[in-house]
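Input: a single structure, listed below in structure tokens.
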Amino acid sequence: SLSDGSSTPCTMDPDLSRPWHTRGTLTELDKSIFSSGYRAGDLVFIRVFRDKAMKDTWEDKTDAEVDAGTMSAAVLLAREQVQSDAQVSLLTTLTVIFIILLGITLLTKDLNFLSLSLLKPLRTLAEEMQSIVQLQIAGLNMEEVKME
């Protein structure tokens with residue numbers, strides 16, 4: 001089973017010439033993993049198959065065929081990597097939000113500047129043109145009155 005950190009999960013068996021015990025079936029390994037209390041997202045599953053071609057086709061095989069074709073299996077705790085990836089993801093999200101807000105602010109400033117520097121003079125010009133037209137109309141009316 002997986003270690004909870006209080007003991008070493010792999011110890012030397014004095015009766016064997018290898019440092020690890022022979023693994024049970026992959027089903028037993030799955031049960032051990034699910035009962036360990038670790039989140040599945042924090043674990044990295046590694047399998048080494050006897051036949052390299054099985055690496056791409058193991059999902060199509062039965063549990064017994066996969067178990068027989070698996071030479072070695074390991075489960076690694078990768079919580080630090082998962083936490084690091086989550087922090088990078090949050091930082092990226094916050095950076096994107098900041099850039100969007102900065103863009104909105106700069107666009108608002110540009111629109112205000114455009115309004116003051118371009119539209120206000122155009123409005124003044126239009127008002128002056130309207131005044132000129134009013135004066136011309138008033139001048140025409142004065143000429144009509146004189147002719148009568």
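- Sparse packing is recorded around CG of Asp63, with 12 or fewer heavy atoms of other residues, nucleotides or ligands lying under 6.0 Å away.
- The cluster map of Ile, Leu, Val, Met, Phe, Trp and Tyr, joined by side-chain heavy atoms under 4.5 Å apart, puts Phe45 and Phe49 in the same cluster.
- Rounding to the nearest 0.5 angstrom, the gap separating the OG1 atom in Thr70 from the NZ atom in Lys61 is 11.5 Å.
- Shown here are the side-chain contact (heavy atoms from CB on, under 4.5 Å) partners of Thr95, two or more places apart in sequence or in another chain: Leu91, Ile99.
- At least one donor-acceptor pair closer than 3.5 Å links the side chain of Thr92 to the backbone N or O of Val88.
- Val66 places a side-chain heavy atom less than 4.5 Å from the side chain of Met54.
- With sequence neighbours excluded, the residues satisfying side-chain contact (heavy atoms from CB on, under 4.5 Å) with Arg123 are Lys120, Glu127.
- Note that CG of Leu102 and CG of Leu107 are 11.0 Å apart. Values are rounded to the nearest 0.5 Å.
- Nearest heavy atoms, Val82 versus Arg39: CG1-NH2, 4.0 Å.
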Q: Could you walk me through whether Tyr38 and Val75 pass the side chain to side chain contact (heavy atoms under 4.5 Å, CB included) test, one step at a time?
A: CA-CA 11 Å; Tyr38 290 105; Val75 181; over 6 Å; no

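- Between Thr57 atom OG1 and Asp51 atom CG the span is 7.5 Å, to the nearest 0.5 Å.
- Clustering ILVMFWY residues whenever any of their side-chain heavy atoms sit less than 4.5 angstrom apart, transitively, puts Leu114 in the very cluster that holds Leu122.
- Within the 4.5 Å cutoff, the side chain of Gln81 has no heavy atoms near those of the Val44 side chain.
- Taking the side chain as every heavy atom from C-beta outward, Leu43 and Leu77 approach each other to under 4.5 Å.
- Remark: Ile46 CD1 to Leu76 CG distance equals 4.0 Å, nearest 0.5 Å.
- No donor-acceptor distance shorter than 3.5 angstrom exists from the side chain of Ser89 to the backbone of Ala86, with no hydrogens or angles considered.
- Here the straight-line distance linking atom OG1 of Thr93 with atom CZ of Phe98 works out to 15.0 Å at 0.5 Å rounding.
- Separation of atoms NZ (Lys31) and OG1 (Thr25) is listed at 7.5 Å; rounding is to 0.5 Å.
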